[in-house]
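The structure under discussion appears below in the form of structure tokens.
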Amino acid sequence: MASDPQPIRIGYCLSLSGPVSGNTRSARLAHEIWREDINRRGGLLGRPVELVCYDDEGDASRVAPLYKRLIEEDRVDLVIGGYGTNTVLAALPEIIARKRFFVGLMALGANNELAYENYFAMIPTGPDPDAALTEGFFEVATRQEPRPKTVALLSADAVFARNPILGAHANAANHGFEVVYEATYPLDTADFAPFLDAIAESECDLLFLCSYLQDSVDLIRAIDRHPFRPKMVGAGMIGPQNGDVKARLGPLLNGVVNYEYWVPAPALAFHGMAELLAGYRRRAAGTDIDPLGHYMAPLAYAQMQVVAQAVEATGSLDDGALADFTRVTEFSTVMGSITFGVRGEWTQPRVVQVQFQGVKDHDVDQFRDAARQIVVAPLDMASGELIYPFAEARRN
């Protein structure tokens with residue numbers, strides 16, 4: 001009697017505890033759903049798939065040793081990237097040294113300087129990721145009357161904020177906005193009033209924010225309490241994409257304009273998305289995982305679809321063969337068709353800016369469709385009009 005085939009083991013780490021755990025637990029669930037789906041269909045290369053995932057606890061210094069353990073001790077067949085710039089950047093030296101095939105998850109511009117040829121980015125920011133994340137924020141501002149002229153930049157003092165701020169400077173220059181204030185704040189900041197006082201003194205038209213989950217919540221609450229009202233607020237905040245954060249903030253989100261990678265809008269109704277999210281929501285119900293899954297689940301599932309399609313098409317687990325295939329292939333995923341180009345980024349960006357409108361209470365169910373999150377940029381994907389200025393949007 002033939003023995004059962006040995007499983008294909010895919011290793012990675014996620015920040016399942018720490019400041020971004022609300023997002024990473026969502027990614028972990030999407031990965032598990034993918035594993036169950038692929039095994040139900042017979043696995044990869046006729047072998048079942050196992051996922052080996054370690055918690056890096058939100059500490060970048062733990063990442064490289066964990067990947068070394070996965071490769072040298074656990075001897076996993078494949079590795080994938082964890083969530084976010086901090087994690088992927090910390091992993092890449094270990095990956096590069098071993099010439100591994102590596103698909104990262106939502107790492108913004110992580111390969112800009114390293115230019116590692118076997119890296120691929122599962123983030124829809126395209127060949128100029130720094131600018132693409134928030135280009136729509138500035139572009140939609142140029143269409144308003146009277147046209148805003150100035151911008152203040154406030155960001156967390158963290159690695160993840162470096163590239164979005166570079167992009168903000170580039171976008172401001174390209175669209176003719178003057179930067180009249182810029183500051184960073186420590187991640188443990190509890191009182192944002194002094195920063196908002198300084199921003200008010202600048203009399204900026206646009207307030208560009210780049211923040212993590214908890215500080216996004218604290219910033220939006222502080223802005224609500226402060227008398228100053230810029231004409232537009234948001235752009236680069238991590239947090240308002242998460243269902244739990246949406247529910248916590250409720251009507252305080254009204255008027256905020258911020259980036260999204262996927263929302264339930266007509267232009268983003270890709271094949272397989274509805275089925276994924278239905279299964280995700282069943283599994284997330286009654287847990288502490290994001291009940292919507294709009295932000296993390298689509299890209300985390302698509303990350304695994306790219307790996308699976310490369311393995312099946314090449315009939316191989318060889319890192320070089322997988323990378324060679326991925327560089328020249330169009331992948332069909334729940335995030336639509338994806339091709340990878342320079343530095344492993346998507347060849348075409350697909351980031352949207354949404355404005356929260358008409359949020360009534362703290363019920364997360366109001367965010368299950370696109371009625372409260374209006375796509376305002378890019379124009380060819382828009383689902384409605386921006387309410388301008390911010391103070392007017394707060395009243396609606």
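The chain is numbered in sequence order, starting from 1.
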Problem set entry | Presence of salt bridge, R62 and D59, under 4.0 angstrom | no
For this session: Before accepting this row, confirm whether a basic side-chain N of the pair R394/D224 lies closer than 4.0 Å to the acidic partner's carboxylate O.
Result: yes
For this session: Taking the side chain as every heavy atom from C-beta outward, state whether T134 and P164 have any pair of such atoms under 4.5 Å apart.
Result: no
Problem set entry | Donor-acceptor under 3.5 Å (T85 side chain, L108 main chain) | yes
For this session: To the nearest 0.5 angstrom, please state how far the OH atom of Y119 sits from the CZ atom of F101.
Result: 11.5 Å
For this session: Could you pull out the closest heavy-atom pair between A247 and V364, with the gap in Å?
Result: CB-CB, 4.1 Å
Exercise. Checking E312 side chain against L45 main chain: does a donor-acceptor pair fall under 3.5 Å?
Worked result: yes
Problem set entry | Straight-line distance of L114 CG to R343 CZ, nearest 0.5 Å | 11.5 Å
For this session: List the steps and the verdict of side chain to side chain contact (heavy atoms under 4.5 Å, CB included) for C53 and R28.
Result: CA-CA 9 Å; C53 181; R28 178 73 170 131; 3.6 Å; yes
For this session: Could you check if a side-chain atom of E94 sits within less than 4.5 angstrom of a side-chain atom of V63, using non-hydrogen atoms only?
Result: no
Exercise. Do the side chain of R100 and the main chain of A97 share a donor and acceptor less than 3.5 angstrom apart?
Worked result: no
Exercise. Does CD in E36 sit with more than 12 non-hydrogen atoms of other residues, nucleotides or ligands closer than 6.0 Å?
Worked result: yes
For this session: Check for a donor-acceptor pair, side chain of D290 on one end and backbone N or O of S26 on the other, with a separation under 3.5 Å.
Result: no
For this session: Indicate yes or no: at least one non-hydrogen side-chain atom of P148 is less than 4.5 angstrom from one of Y388.
Result: yes
For this session: Output the distance between atom SG (C210) and atom CG (L133), rounded to the nearest 0.5 Å.
Result: 7.5 Å
Exercise. When you look at CD of E203, are more than 12 heavy atoms from neighbouring residues, nucleotides or ligands closer to it than 6.0 Å?
Worked result: no
Exercise. When hydrophobic residues are tied together by side-chain contacts of less than 4.5 Å, even through go-betweens, does L66 share a cluster with I96?
Worked result: yes
Problem set entry | Test log, rule side chain to side chain contact (heavy atoms under 4.5 Å, CB included), inputs I387 and Q355 | CA-CA 8 Å; I387 300 176; Q355 184 181 48; 3.7 Å; yes
Problem set entry | Side-chain donor/acceptor of E139 to backbone N/O of H175, under 3.5 Å | no
Problem set entry | Exercise: identify the closest heavy-atom pair between Y185 and A156 | CE2-N, 3.4 Å
Exercise. About how many Å separate CG of L317 and CD1 of I8, when rounded to the nearest 0.5 Å?
Worked result: 4.5 Å
Problem set entry | Polar side-chain atom of Q366 near backbone of D361 as donor-acceptor pair, under 3.5 Å | yes
For this session: Walk me through it: do F160 and Y212 pass the test side chain to side chain contact (heavy atoms under 4.5 Å, CB included)?
Result: CA-CA 9 Å; F160 87 92; Y212 257 151; 3.5 Å; yes
Exercise. Do V88 and V79 sit in the same hydrophobic cluster, where Ile, Leu, Val, Met, Phe, Trp and Tyr count as joined when their side-chain heavy atoms come under 4.5 Å apart?
Worked result: yes
For this session: Apply side chain to side chain donor-acceptor pair (under 3.5 Å) to the pair S337 and E330, showing each step before the final yes or no.
Result: CA-CA 6 Å; S337 296; E330 181 175 334; 3.2 Å; yes
Exercise. Is there a donor-acceptor pair under 3.5 Å between the side chain of D215 and the backbone N or O of D218?
Worked result: no
For this session: For atom NE2 of H362, decide whether the heavy atoms of other residues, nucleotides or ligands shown that lie under 6.0 angstrom number more than 12.
Result: yes
Exercise. Nearest heavy-atom pair of C13 and D56: which atoms, and what distance?
Worked result: SG-OD2, 3.6 Å
For this session: Would you check if L209 and V233 make a side-chain contact, meaning some heavy-atom pair closer than 4.5 Å?
Result: yes
For this session: Could you check Y12 against I80 for side chain to side chain contact (heavy atoms under 4.5 Å, CB included), going step by step and ending with a plain yes or no?
Result: CA-CA 6 Å; Y12 62 117; I80 58 171; 3.5 Å; yes
Problem set entry | Carboxylate-amine/guanidinium proximity below 4.0 Å for E385 and R143 | no
Exercise. Relative to the ring of F192, is the ring of F195 parallel (under 30°), tilted (30 to 60°) or perpendicular (over 60°)?
Worked result: tilted
Exercise. Is K246 paired with E260 through a side-chain N to carboxylate O contact shorter than 4.0 Å?
Worked result: yes
For this session: Please check if the side chain of N254 supplies one atom and the backbone of V359 the other of a donor-acceptor pair under 3.5 Å.
Result: yes
For this session: Give a yes or no on whether M232 and F390 share a hydrophobic cluster (residues Ile, Leu, Val, Met, Phe, Trp, Tyr; joining criterion: side-chain heavy atoms under 4.5 Å apart).
Result: no
Exercise. Do D319 and K99 meet the salt-bridge criterion of a basic N to acidic O distance under 4.0 Å?
Worked result: no
Problem set entry | Salt bridge R9-E50, side-chain N to carboxylate O under 4.0 Å | yes
Problem set entry | Sub-4.5 Å side-chain heavy-atom contact between L51 and W34 | yes
Problem set entry | Any donor-acceptor N/O pair, Q241 side chain to G239 backbone, under 3.5 Å | yes
Exercise. Going by heavy atoms in the side chains, are F137 and L206 under 4.5 Å from each other?
Worked result: yes
Exercise. Under 4.0 Å between a Lys/Arg side-chain N and an Asp/Glu carboxylate O for D205 and K149?
Worked result: no
Exercise. Does the side chain to side chain donor-acceptor pair (under 3.5 Å) test come out yes or no for S15 and T24, once each step is laid out?
Worked result: CA-CA 6 Å; S15 302; T24 51; 5.7 Å; no
For this session: May I have the step-by-step check of ring pair (Phe, Tyr, Trp, His ring centres under 6.0 Å) for H294 and F367, ending in yes or no?
Result: CA-CA 10 Å; H294 293 172; F367 300 104; 9.0 Å; no
Seminar exercise, completed: The reported gap from CG in D55 to OG in S17 (rounded to nearest 0.5 angstrom) is 3.5 Å
Problem set entry | Atom of A60, atom of A90 and distance for their closest heavy-atom approach | O-CB, 3.5 Å
Exercise. Does the side chain of N118 reach to within under 4.5 Å of the side chain of R327, using non-hydrogen atoms?
Worked result: yes
Problem set entry | Residue from Y67, F340, F120 passing ring pair (Phe, Tyr, Trp, His ring centres under 6.0 Å) with F102 | Y67
Exercise. Are V354 and M273 linked, directly or through other ILVMFWY residues, by side chains that come within less than 4.5 angstrom of each other?
Worked result: yes
Exercise. Side chains of M106 and Y261: closer than 4.5 Å at any heavy-atom pair?
Worked result: yes
Problem set entry | Same cluster (ILVMFWY, side-chain, under 4.5 Å), M381 and L379 | no
Problem set entry | Atom CD of Q6: over 12 foreign heavy atoms under 6.0 Å | no
Problem set entry | Heavy-atom donor-acceptor pair, R221 side chain to L252 backbone, under 3.5 Å | no
